[in-house]
A.B. asks: 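Below is one structure. I have some questions about it.
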Amino acid sequence: MPLPGQSLFSIDEVSARWIAAPHQVAQWAAQERLEVVTSVGPVHAGDEDVAGLVVVAMADLLPMFRRDGSGPASMRLRRLRKIGEREWRMVSDPADGVMVAAGDLLIDVAEMGRFEEENDLMRRAHAGKGPEPKYDWDAFWRAMAIYVHQHGVPPTLKELTAAMSNWFLDQSDGKSSPSDSVIRKKLSPLWNQLRSET
């Protein structure tokens, strides 16, 4: 029996999928156009104890996602709401809020799909001559550029190939990716040039 697909994605993963910078994704969430969640241990918020997955007030955490990368790695979450609620709750215990890191901020796959549908981010129909390509290589190159920008040039071509193979799998809920040899062949000339310049 196959394992279920990934259900929660980090902001970095979503930004690569949408070919958008992490600060853009964070800004959409800060405008409450996109719901971001995190997991908390038991905290007192509003008039009751809350634990598990909660929606975060991204407007309060936006400094972590400065476009120049100078923001703090973590901040204290002082407002949250239970999933399905509309009103924010103030965290009163711990008194100074809950420390969260950027990697703790996640987007549910259903929320991601809703945003994609609402903003027409779904794959466009093929309009060129000939059969539709099986894989979106234009999106692949954009995602590769974002990966290198965020993580630097990997020490081996094998590592970059694996990262981009995982990117293809993420786009298809784990169902489809070109072979590693095909990905490696496409990446090899550029990787060699990037390594020679570092």
Side-chain angles (χ1 to χ4, degrees), residues 4-41 43 45-46 50-91 97-125 136 138-151 163-164 166-176:
Q6 185 173 343
S7 59
L8 294 168
F9 294 81
S10 71
I11 287 179
D12 278 348
E13 289 174 317
V14 171
S15 71
R17 176 181 173 94
W18 292 346
I19 321 300
H23 75 265
Q24 291 176 293
V25 177
Q27 286 168 5
W28 294 326
Q31 295 168 326
E32 298 191 25
R33 297 172 61 189
L34 182 64
E35 199 168 80
V36 175
V37 300
T38 195
S39 180
V40 297
V43 300
V50 176
L53 286 178
V54 296
V55 181
V56 304
M58 276 299 293
D60 301 349
L61 305 177
L62 208 50
M64 281 198 286
F65 295 93
R66 292 178 187 145
R67 64 184 68 198
D68 64 0
S70 66
S74 59
M75 290 182 67
R76 293 198 174 274
L77 175 66
R78 292 187 169 88
R79 287 192 302 157
L80 56 80
R81 66 176 188 243
K82 292 168 74 173
I83 292 173
E85 286 185 346
R86 298 308 310 158
E87 297 299 318
W88 293 108
R89 299 165 174 257
M90 296 300 297
V91 176
V98 181
M99 186 66 78
V100 293
D104 299 329
L105 302 172
L106 306 167
I107 299 173
D108 181 271
V109 66
E111 175 69 358
M112 189 166 64
R114 179 201 64 76
F115 187 88
E116 288 174 347
E117 185 71 30
E118 198 172 274
N119 293 280
D120 197 26
L121 295 179
M122 307 304 286
R123 188 173 175 182
R124 305 295 195 274
D136 189 345
D138 288 340
F140 163 85
W141 287 115
R142 292 190 296 268
M144 198 281 298
I146 290 172
Y147 178 88
V148 170
H149 175 72
Q150 292 175 345
H151 304 283
M164 298 316 298
N166 288 335
W167 177 84
F168 272 114
L169 290 170
D170 287 344
Q171 307 316 297
S172 63
D173 294 326
K175 296 175 184 171
S176 180

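Residues take their numbers from the sequence shown, with the count starting at 1. As a basis for the values below, the full set of heavy atoms in this structure was taken, side chains included, without hydrogen atoms, waters or symmetry mates.
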A.B. asks: Do F9 and M112 make a side-chain contact, defined as non-hydrogen atoms from C-beta onward lying under 4.5 Å apart?
C.D. replies: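 Side-chain contact under 4.5 Å: yes.
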A.B. asks: Test R81 against E87 for side-chain contact (heavy atoms from CB on, under 4.5 Å), laying out the working first.
C.D. replies: CA-CA 7 Å; R81 66 176 188 243; E87 297 299 318; over 6 Å; no
A.B. asks: Mind checking whether Y147 and N166 have side chains closer than 4.5 Å, heavy atoms only?
C.D. replies: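 Of all side-chain heavy-atom pairs linking N166 with Y147, none is under 4.5 Å.
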A.B. asks: Which heavy atom of R33 sits nearest a heavy atom of N119, and at what distance?
C.D. replies: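 Minimum heavy-atom contact is NH2-OD1, 3.2 Å.
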A.B. asks: Indicate the atoms forming the closest heavy-atom contact of Q27 with L62, along with that distance.
C.D. replies: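 Nearest pair, atom of Q27 first, then L62: N-CD1, 3.9 Å.
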A.B. asks: Write down the atom of R66, the atom of G71, and the distance for their closest heavy-atom approach.
C.D. replies: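 So the minimum-distance heavy-atom pair works out to NH1-CA, 3.6 Å.
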A.B. asks: Sort out for me which residue in L34, I11, V25 forms a side chain to side chain contact (heavy atoms under 4.5 Å, CB included) with M58.
C.D. replies: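 The option that passes is I11.
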A.B. asks: With the threshold set at 4.0 Å, does a side-chain nitrogen-carboxylate oxygen contact exist between R114 and E117?
C.D. replies: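 Between E117 and R114 there is no salt bridge, as every charged N stays at least 4.0 Å from the carboxylate O atoms.
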A.B. asks: Would you compute the distance between atom CE of M99 and atom CG of L77 and round it to the nearest 0.5 angstrom?
C.D. replies: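 Those atoms lie 11.0 Å apart.
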A.B. asks: Counting only N and O atoms by type, is there a donor-acceptor contact under 3.5 Å from the side chain of R89 to the main-chain atoms of A45?
C.D. replies: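 A pair under 3.5 Å: yes.
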A.B. asks: List in chain and number order the residues that pass ring-ring contact (aromatic ring centres under 6.0 Å, His included) with F168, two or more places apart in sequence or in another chain; answer none if no residue qualifies.
C.D. replies: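 Expected list: Y135, W137, F140.
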A.B. asks: Have a look at T38 and tell me which of L106, V54, V55, V98 forms a side chain to side chain contact (heavy atoms under 4.5 Å, CB included) with it.
C.D. replies: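 Among the candidates, only V54 passes.
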A.B. asks: Would E35 and D108 count as a side-chain contact (heavy atoms from CB on, under 4.5 Å) here? Give the steps.
C.D. replies: CA-CA 8 Å; E35 199 168 80; D108 181 271; over 6 Å; no
A.B. asks: Hey, mind stepping through E111 and V37 against side-chain contact (heavy atoms from CB on, under 4.5 Å) and telling me if it holds?
C.D. replies: CA-CA 10 Å; E111 175 69 358; V37 300; over 6 Å; no
A.B. asks: Measure the acute angle between the ring planes of W18 and F115, then classify it against the limits of 30° and 60° as parallel, tilted or perpendicular.
C.D. replies: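 Ring orientation of W18 relative to F115: parallel.
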A.B. asks: For Q31, look at atom CD and say whether over 12 heavy atoms of other residues, nucleotides or ligands are found less than 6.0 Å away.
C.D. replies: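 Counting neighbours around CD of Q31, more than 12 heavy atoms of other residues, nucleotides or ligands fall under 6.0 Å, so yes.
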A.B. asks: If I compare all heavy atoms of V91 with all of G97, which pair ends up nearest, and what's the gap?
C.D. replies: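 So the minimum-distance heavy-atom pair works out to CG1-CA, 4.2 Å.
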A.B. asks: For residues S70 and D68, is any side-chain donor paired with an opposing acceptor at under 3.5 Å?
C.D. replies: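 Judged by distance alone, the side chains do pair up.
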A.B. asks: Show, in sequence, the C-alpha distance, side-chain angles and deciding distance for D136 and Q171, and conclude whether the side-chain contact (heavy atoms from CB on, under 4.5 Å) test is met.
C.D. replies: CA-CA 10 Å; D136 189 345; Q171 307 316 297; over 6 Å; no
A.B. asks: Is there a donor-acceptor contact under 3.5 Å from the side chain of Q24 to the main chain of A21?
C.D. replies: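 Yes.
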A.B. asks: Which pair of non-hydrogen atoms, one from W28 and one from A20, has the smallest distance, and what is that distance?
C.D. replies: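 Closest approach of W28 to A20: CH2-CB, 4.1 Å.
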A.B. asks: If we only count heavy atoms from C-beta on, is the R17 to D170 side-chain gap below 4.5 Å?
C.D. replies: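 Not touching, per the 4.5 Å side-chain cut-off.
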A.B. asks: Between atom CD1 of I146 and atom NE2 of H151, what is the distance when rounded to the nearest 0.5 Å?
C.D. replies: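 Rounded to the nearest 0.5 Å, the CD1-NE2 separation comes out at 10.0 Å.
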A.B. asks: Which atom names give the shortest non-hydrogen contact between S74 and M64, and what distance separates them?
C.D. replies: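 The pair with the smallest heavy-atom distance is CA-SD, 3.6 Å.
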A.B. asks: Just by modelled atom types, is the A101 backbone N or O under 3.5 Å from a matching donor or acceptor in the D104 side chain?
C.D. replies: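 Looks like yes, one N/O pair under 3.5 Å.
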A.B. asks: Could you give all pairs that pass the salt bridge (Lys or Arg N to Asp or Glu O under 4.0 Å) test and reach residues 54-63, with sequence neighbours left out?
C.D. replies: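 Qualifying pairs, neighbours excluded: D60-R79.
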